[in-house]
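As structure tokens, the structure follows; a few thoughts come after it.
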Amino acid sequence: ETGVTQSPTHLIKTRGQQVTLRCSSQSGHNTVSWYQQALGQGPQFIFQYYREEENGRGNFPPRFSGLQFPNYSSELNVNALELDDSALYLCASSLELAKETQYFGPGTRLLVL
Amino acid sequence: DAKTTQPNSMESNEEEPVHLPCNHSTISGTDYIHWYRQLPSQGPEYVIHGLTSNVNNRMASLAIAEDRKSSTLILHRATLRDAAVYYCILRSRGTSYGKLTFGQGTILTVHP
């Protein structure tokens, strides 16, 4: 069974640019959530997708957007990057909505200069 | 979301038991208590969860106070690989989406 994978592992961008991060869910999982983790902090919920529809959003501006594809892989897009967007971005998948266990990927480390 | 309070850090020696406390005085009757941990340079990992009764699995035990206002994650024999940040999270039963609200967590250091 393949776990959650994310790409790229590291990324450097400059302020104002746009970035796309990718996530492949664990096999059979139709729900994916994205989290942002600043250095020294716990992860913060960005949004969740269930069967290709956004199904909940945290306190993040609209320049954070996402997609989920028919194979349940997912993308996180961030436009107009700001310095404070520098963080570890984590993707987590679960078998169904509100299932007890979320399985996290290793994350993508984004640095905005 | 109901809040949890955990100590910032704890230390343990290898092969000794570790008791990680969590206070959640505003817990509601439908809140499950979840524990995740995050090893260095990795994403969080599910450890255990419970509602009212104590729970055991291959990784740990979860002891829940009778009034449910606190709980304790128990690692029976700490190993160096257990050094991580441990998060205690409340999650409402029937939540329509899978948001996990992480706090600061407890940094566990395990000494050889």
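Quick note: numbers below take in every heavy atom, side chains included, and nothing from hydrogens, waters or symmetry partners. Lettering of chains follows the sequences in order, A, B, ..., and the numbering in each one begins at 1.
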- Message: Assigning hydrophobic clusters by single linkage (Ile, Leu, Val, Met, Phe, Trp, Tyr; side-chain heavy-atom cutoff under 4.5 Å), is B:I33 placed with B:Y86?
- Response: yes
- Query: For A:I46, is it the side chain, the backbone, both, or neither that has a heavy atom closer than 4.5 Å to a heavy atom of chain B?
  - Reply: neither
- Let me know if A:Q37 has heavy atoms under 4.5 Å from chain B in its side chain, its backbone, both or neither. side chain
- Are A:F104 and A:Y35 near enough that their ring centres are under 6.0 Å apart? yes
- Query: Does a donor on one side chain sit under 3.5 Å from an acceptor on the other, for A:Q26 and A:Y103?
  - Reply: no
- Message: Among B:Q104, B:Q42, B:E45, which residue has the highest count of heavy-atom pairs closer than 4.5 Å to chain A?
- Response: B:Q104
- Name the member of B:P44, B:G103, B:G105 that forms the most heavy-atom pairs with chain A at distances under 4.5 Å. B:P44
- Note on the structure: side-chain contact (heavy atoms from CB on, under 4.5 Å) filter on B:E11, not counting sequence neighbours, yields B:T109, B:H111
